[in-house]
2 protein chains.
Amino acid sequence: MRILHDVSDRDPAEGGGLRGRKKRETRASLVAAAVRLAAEHGAENVTVDAISEAAGVSPRTFFNYFDSRDEAFVMMGAESSGRVRRAVLAAPAEVPPLAVLRDALAAELGEVEQQHELWRLHSEVLRRSPHLLARSIGAHVEDEFTLAETLAERIGAGSPLFTGDRPPLGTAEGQLRRQALELYPRLLAAVGTTAVRVAVEHWCVRQDEATFEAVFRTAFDHLAAGLAEPAAPAVPVDEA
Amino acid sequence: MRILHDVSDRDPAEGGGLRGRKKRETRASLVAAAVRLAAEHGAENVTVDAISEAAGVSPRTFFNYFDSRDEAFVMMGAESSGRVRRAVLAAPAEVPPLAVLRDALAAELGEVEQQHELWRLHSEVLRRSPHLLARSIGAHVEDEFTLAETLAERIGAGSPLFTGDRPPLGTAEGQLRRQALELYPRLLAAVGTTAVRVAVEHWCVRQDEATFEAVFRTAFDHLAAGLAEPAAPAVPVDEA
DNA sequence: CGCAAATATGCAGAGACTGCAAAAATATAT
DNA sequence: ATATATTTTTGCAGTCTCTGCATATTTGCG
């Protein structure tokens, strides 16, 4: 039994065939049209009919790609998840997890600056509609879960938790250790994603005072310092 | 000029008068009705008409309290923000910020267990509708911002950044320090909120393996340890 | 009680969204 | 190339969400 009405139900969306390509093109086209129209007229004043017409498809087709109108304003960067995942898995084994995550996210944020123009409009749209900002943040929780799994995979490979000697999982310490093991990647992914969001928001308000790179690193330095009170500029997570 | 159609426009919602009380009662009544109906029939199958009737108001009135139907499923715990704020400001001056936040959140989570029954239904509803889960998470970003301001206020009181000698803000070091000062409370609030969310989600899945209190503390211990790889059970943030 | 402000309600209408069935496009086999 | 199966698009009808406006009801206060 298949779930109906979900265009991205399986492969063809990622396949190299004509179907997959057209599908990705249509989706991107709808997102771009939605963002551009919202930037110009305000998100509330953009109808599904308008978006569909601008993208060259029927209004009914719009709902084959998105469950709601707002989703079209929020579904940017859907491919980032995969790239970050690859970057995390490709990192050298000796780098600590937090640094791995930091660098993977930094690389992706660099990629994003290619689409500069559309992302600029996008942030403008979100800034003017708190409603959509909330929606956008919530939408990224899905990616966060995937990221947690990737981090768990990455950590599992070279972690002393798996390689060295350890107490059997049946014991009390084993239970504690196992709980921490499952909680840690989840927390790391969630906190990392959150740090990116805060850094972006912070930087958007004061673009003239510092580069995004600086804000981003400061945020992760805070994390590495255990979020201790910053009596002095936070210490970097590594010097390598 | 006032924004129309927003019932919580100002005071009366919090005032002790009859107006404020009835308003809070109606809102709570609508939320409770929405959650209960959603738990029974599934959130998608609950119409505004049904919620309104169960709460004893007209459908039109529903939209005087919520901007969208889904908001009624998500607007639980709206009063938590204020209580956490008070707890943060009331904490002894010598406790480090992360510990202050941790304890304030822990106290509030204890409070929540009073409404046990409704919260149980609520989490059930969110679990069965990822769409609403995303919405719920996004909705709490507003509170997160308030919390950041509270933390900044609290830190500003006893922080060496304000009490001791410091370089003038015009200098380069001053700029860096100021940026960190503004970023830190924001990051602390966001990360703390995130940690609570992850702890709750993690605990919901494995309620039998550990108490929520334990999961919660483990999460904050990870934060205090700079999210370092947990080779051994994470070290507590304080021993006091 | 009588007046002013806040709130609730009804109504009409635009727009969001869904199920269904037919048409068009694409893949696969002969 | 033609036929067939699968996927995607589209139109249509209908329900539900949400808003503006006018009106009635309730509450606060002198």
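Source: prediction; values computed, not measured. Every chain is numbered from 1, with letters handed out A, B, ... down the list of sequences.
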Does a side-chain heavy-atom distance below 4.5 Å link [X] with [Y]?
{"X": "Arg186(B)", "Y": "Glu144(B)", "answer": "yes"}
{"X": "Tyr65(B)", "Y": "Val57(B)", "answer": "no"}
{"X": "Arg102(B)", "Y": "Leu223(B)", "answer": "no"}

**Report entry** Axial bend angle, the helix from dC1(C)-dG30(D) to dT30(C)-dA1(D): five-pair end segments, nearest 10°
**Finding:**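 If I round to tens, the end axes sit 30° apart.
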
Nearest whole angstrom, please: distance from the [atom2] of [N] to the [atom1] of [X].
{"X": "Asn64(B)", "N": "dC21(D)", "atom1": "CG", "atom2": "P", "answer": "14 Å"}
{"X": "Arg69(A)", "N": "dC16(D)", "atom1": "CZ", "atom2": "C1'", "answer": "16 Å"}
{"X": "Phe63(A)", "N": "dT8(D)", "atom1": "CZ", "atom2": "C1'", "answer": "17 Å"}
{"X": "His131(B)", "N": "dT18(C)", "atom1": "NE2", "atom2": "C1'", "answer": "15 Å"}
{"X": "Arg21(A)", "N": "dT7(D)", "atom1": "CZ", "atom2": "P", "answer": "19 Å"}
{"X": "Lys22(B)", "N": "dT26(D)", "atom1": "NZ", "atom2": "P", "answer": "8 Å"}
{"X": "Tyr65(B)", "N": "dT9(C)", "atom1": "OH", "atom2": "C1'", "answer": "13 Å"}
{"X": "Arg60(B)", "N": "dG20(D)", "atom1": "CZ", "atom2": "C1'", "answer": "8 Å"}

Query raised in the report: Which comes earlier along DNA chain D counting from the 5' end, the contact point of Pro59(A) or that of Phe66(B), where each point is its nearest nucleotide?
Result: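 First, find each residue's nearest nucleotide; the 5'-ward one identifies Pro59(A).
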
Give a yes-or-no answer on whether the side chains of [X] and [Y] include a donor-acceptor pair shorter than 3.5 Å.
{"X": "Thr194(A)", "Y": "Thr194(B)", "value": "yes"}
{"X": "Thr61(B)", "Y": "Ser58(B)", "value": "yes"}
{"X": "Ser68(A)", "Y": "Arg135(A)", "value": "yes"}

Query raised in the report: So does Arg19(A) reach the base of dT6(D) with its side chain, donor to acceptor, closer than 3.5 Å?
Result: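 Such a pair is found, so the answer is yes.
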
Query raised in the report: Hey, what's the ring geometry for Phe216(B) with Phe220(B), parallel, tilted or perpendicular (30° and 60° as the breaks)?
Result: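 Geometry flag for Phe220(B) against Phe216(B): tilted rings.
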
Query raised in the report: Would you call the rings of Phe212(A) and Trp203(A) parallel, tilted or perpendicular, where under 30° means parallel and over 60° means perpendicular?
Result: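 Because their plane-to-plane angle is over 60°, the rings of Phe212(A) and Trp203(A) count as perpendicular.
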
Query raised in the report: Short question: side chain of Ser136(B), backbone of Leu132(B) - any donor-acceptor pair under 3.5 Å?
Result: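 No, Ser136(B) side chain to Leu132(B) backbone: no donor-acceptor pair under 3.5 Å.
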
Query - Stretch residues 34-58 of chain B: residues that reach within less than 4.0 Å of DNA chain C through a heavy atom - result: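 DNA chain C contact set from residues 34-58 of chain B: Val57(B), Ser58(B).
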
